[in-house]
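Heavy atoms only: backbone and side chains are in, while hydrogens, waters and symmetry mates are out.
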Amino acid sequence: MTSLVQHITIDSADAYELALFWAEVLGSPLADDDFPGDPEALVEAPGAALLFVTVAEPKRAKNRVHLDVRPEDRTRDEEVERLLALGATLVADHRKPNGRGWATLADPEGNEFCVECGAAERAALSGTRLPVTADDVTLAVRLAVDALAQSPADDWRVPAGSLTWNCWETVEHLSDDLFAYAVQLGKPSSEGEVPYRWAPEREGGPWNAIFADPAAGTAGLLTTLEASGALLTAMVRTASPDLRSYHSHGVSDPEGFAGMGVVETLVHTHDVAAGLSLPWAPPQDLCDRVLARLFPYAPDDDDRWAVLLWSTGRADLPGRARVTSWKWHGAPLDR
């Protein structure tokens with residue numbers, strides 16, 4: 001048996017006020033039942049929540065435990081300036097001329113914490129690619145569900161873009177893909193797929209093990225997509241990077257299956273959005289990460305979404321022949 005971290009608990013002179021500062025740092029909400037003057041306040045941050053507790057004793061020395069934070073959408077130096085404006089103070093500057101290193105700050109009650117470079121900035125400094133992660137699967141599925149939920153159409157049995165499947169079938173197929181990748185990580189084998197029964201519901205339809213209950217409507221259909229995405233996210237997050245499992249395009253690793261899940265989500269949402277007349281343009285940096293992992297020889301044009309659509313045979317790219325047959329590089333990139 002093991003234990004999990006429930007909270008990271010921090011003593012404070014004013015729990016609520018310090019929690020407000022950290023809520024701004026992390027972009028996370030306070031618990032709904034926290035109010036000014038409360039002796040405890042909870043910042044519901046992903047991963048491990050921060051619990052602030054009012055105590056009578058003042059802080060007397062350097063903390064033996066501190067938090068390291070990294071920005072997701074800005075540089076380390078931009079984040080340092082943002083946090084100073086929120087009320088932090090600079091304690092020590094360990095930033096180096098080459099962009100590496102960190103800055104040690106203190107929150108308004110003097111608790112030290114460090115600000116490091118985010119993943120994108122580290123990759124740019126080192127000249128390496130950013131990996132595809134479990135968080136990317138979560139992001140892709142969330143964006144897809146949010147986009148498709150905007151459709152006012154009741155009938156999703158219309159063609160999905162250029163596919164021979166309709167929109168309902170295509171979302172079912174996407175849910176099935178994410179499920180299939182998750183179970184390959186759950187029962188890894190280099191010999192073949194986990195032997196579920198896959199079959200179409202009609203001639204020419206997708207071969208699935210996962211089907212949505214038509215009685216649940218489109219909301220229920222999207223729920224199956226969210227659930228399958230959550231399964232793949234969990235498996236990618238917990239699987240050893242050394243794990244290898246079968247895919248028809250090459251034995252792959254957890255990052256490869258994450259990339260496949262993201263690509264399937266982005267391009268099939270494109271298909272369904274075209275059928276339902278919805279806008280759909282996923283983040284360029286997300287497209288770039290999956291291109292680098294699964295299509296390492298793709299063109300380096302600036303519009304990474306256009307390149308991904310071209311790589312999967314769904315769009316033209318100026319100056320290049322249309323792709324009519326394609327597959328991704330599922331194997332780890334060192335192979």
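- Counting only heavy atoms from C-beta outward, the side chains of Ser151 and Thr218 never approach each other to under 4.5 Å.
- Comment: Asp135 engages Arg237 in a salt bridge, judged by a side-chain N to carboxylate O separation of less than 4.0 angstrom.
- In this structure, Arg129 and Leu333 have side chains that are in contact, with non-hydrogen atoms separated by less than 4.5 Å.
- Other residues, nucleotides and ligands contribute more than 12 heavy atoms inside 6.0 Å of the CG atom of Asp146.
- Here Glu169 does not pair with Arg157 in a salt bridge; the nearest charged N to carboxylate O distance is not below 4.0 Å.
- The number of heavy atoms from other shown groups lying within 6.0 Å of CG (Asp213) is above 12.
- The backbone N or O of Val323 sits nowhere less than 3.5 Å from a side-chain atom of Trp326 that would complete a donor-acceptor pair.
- In this structure, Lys187 NZ and Met235 CE are separated by 11.5 Å, a value rounded to the nearest 0.5 Å.
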Decide side chain to side chain contact (heavy atoms under 4.5 Å, CB included) for Leu317 and Val307; before the verdict, give the C-alpha distance in whole Å, the side-chain angles of both, and the deciding distance to 0.1 Å. CA-CA 7 Å; Leu317 206 59; Val307 173; 4.2 Å; yes

Pair Leu225, Leu221 - check side chain to side chain contact (heavy atoms under 4.5 Å, CB included), show working. CA-CA 7 Å; Leu225 176 55; Leu221 176 66; over 6 Å; no

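- Residues Phe179 and Tyr196 place their aromatic rings such that the two centres sit under 6.0 Å apart.
- Linking ILVMFWY side-chain heavy atoms closer than 4.5 Å, directly or via other members, places Leu130 and Trp328 in two distinct hydrophobic clusters.
- Few gaps surround CG on Asp155; more than 12 heavy atoms of other groups in view lie less than 6.0 Å from it.
- Ser252 pairs with exactly one of His329, Met260, Gln184 by the side chain to side chain contact (heavy atoms under 4.5 Å, CB included) rule, that one being Met260.
- Partners of Glu79 by salt bridge (Lys or Arg N to Asp or Glu O under 4.0 Å), not counting sequence neighbours, listed by chain and number: Arg74, Arg82.
- Remark: Arg95 CZ to Thr104 OG1 distance equals 10.0 Å, nearest 0.5 Å.
- Annotation: side chain of Leu50 is not in contact with side chain of His7 (no heavy-atom distance under 4.5 Å).
- Taking 4.5 Å as the limit, every side-chain heavy atom of Val145 sits out of range of all side-chain heavy atoms of Thr269.
- With rounding to the nearest 0.5 angstrom, the OG1 atom of Thr9 is 4.5 Å from the CG atom of Leu51.
- Side-chain rings of Phe295 and Trp310 stay apart, their centers remaining 6.0 Å or farther from each other.
- Leu174 and Val158 end up in the same hydrophobic cluster when Ile, Leu, Val, Met, Phe, Trp and Tyr side chains are linked at under 4.5 Å.
- A 4.5 Å side-chain heavy-atom check between Ser28 and Glu44 finds every atom pair outside the cut-off.
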Apply side chain to side chain contact (heavy atoms under 4.5 Å, CB included) to the pair Asn111 and Ile10, showing each step before the final yes or no. CA-CA 9 Å; Asn111 298 300; Ile10 301 171; 4.0 Å; yes

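- Val132 and Val267 fall within a single hydrophobic cluster, where Ile, Leu, Val, Met, Phe, Trp and Tyr are joined by side-chain heavy atoms under 4.5 Å apart, directly or via other members.
- Counted by atom type alone, Tyr16 and Glu40 present zero donor-acceptor pairs between their side chains at under 3.5 Å.
- Other residues, nucleotides and ligands place no more than 12 heavy atoms under 6.0 Å from the CZ atom of Arg197.
- Taking the ring centroids of Trp280 and His268, they lie at or beyond the 6.0 Å cut-off.
- When hydrophobic clusters are built by joining Ile, Leu, Val, Met, Phe, Trp and Tyr residues whose side-chain heavy atoms come closer than 4.5 Å, directly or via intermediates, Leu309 is grouped together with Leu266.
- Looking at heavy atoms from C-beta onward, Trp22 lies in side-chain contact with Leu67 at the 4.5 angstrom threshold.
- For the pair Ser245 and Phe257, the minimum side-chain heavy-atom distance is below 4.5 Å.
- Considering CD1 of Ile8 and CZ of Phe52, their distance stands at 9.5 Å, rounded to 0.5 Å.
- Residues Leu291 and Arg304 have side chains in contact (heavy-atom distance under 4.5 Å, counting atoms from C-beta outward).
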Carefully, step by step, assess His173 and Trp168 under the rule ring-ring contact (aromatic ring centres under 6.0 Å, His included). CA-CA 9 Å; His173 167 75; Trp168 181 282; over 10 Å; no

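- No chain of hydrophobic side-chain contacts below 4.5 Å, direct or via other Ile, Leu, Val, Met, Phe, Trp or Tyr residues, connects Tyr246 to Val263.
- Judged by distance alone, the side chain of Glu109 and the main-chain N or O of Asp14 form a donor-acceptor pair under 3.5 Å.
- Summarising the geometry, atom CG belonging to Asp301 is positioned 12.5 Å from atom CG belonging to Leu308; distances are rounded to the nearest 0.5 Å.
- Here the side chain of Asp176 pairs a donor or acceptor atom with the backbone of Ala209 at under 3.5 angstrom.
- The closest side-chain donor-acceptor pair between Ser12 and Thr54, if any, does not fall under 3.5 angstrom.
- The side chain to side chain contact (heavy atoms under 4.5 Å, CB included) with Ser228 is formed by just one residue from the set Leu178, Val141, Asp177; it is Leu178.
- The residue from Asp136, Asp253, Asp288 that alone fulfils the side chain to side chain donor-acceptor pair (under 3.5 Å) condition with Arg293 is Asp253.
- We find that Glu112 and Lys59 are joined by a salt bridge, their nearest charged nitrogen and carboxylate oxygen being less than 4.0 Å apart.
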I would like to know whether Asp271 and Arg314 meet salt bridge (charged side-chain N to carboxylate O under 4.0 Å, His left out); could you show each step before the answer? CA-CA 9 Å; Asp271 300 329; Arg314 285 170 166 78; 2.9 Å; yes

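- The distance from the CG atom of Asp68 to the CZ atom of Phe113 is 10.5 Å, given to the nearest 0.5 Å.
- Using a distance-only test at 3.5 Å, with no hydrogens or angles considered, no donor-acceptor pair links the side chain of Glu172 to the main chain of Asn208.
- Using a cutoff of 4.0 Å between basic side-chain nitrogens and carboxylate oxygens, Arg70 and Glu72 are scored as salt-bridged.
- Looking only at distances, no side-chain donor or acceptor of Glu24 sits under 3.5 Å from a matching main-chain atom of Phe21.
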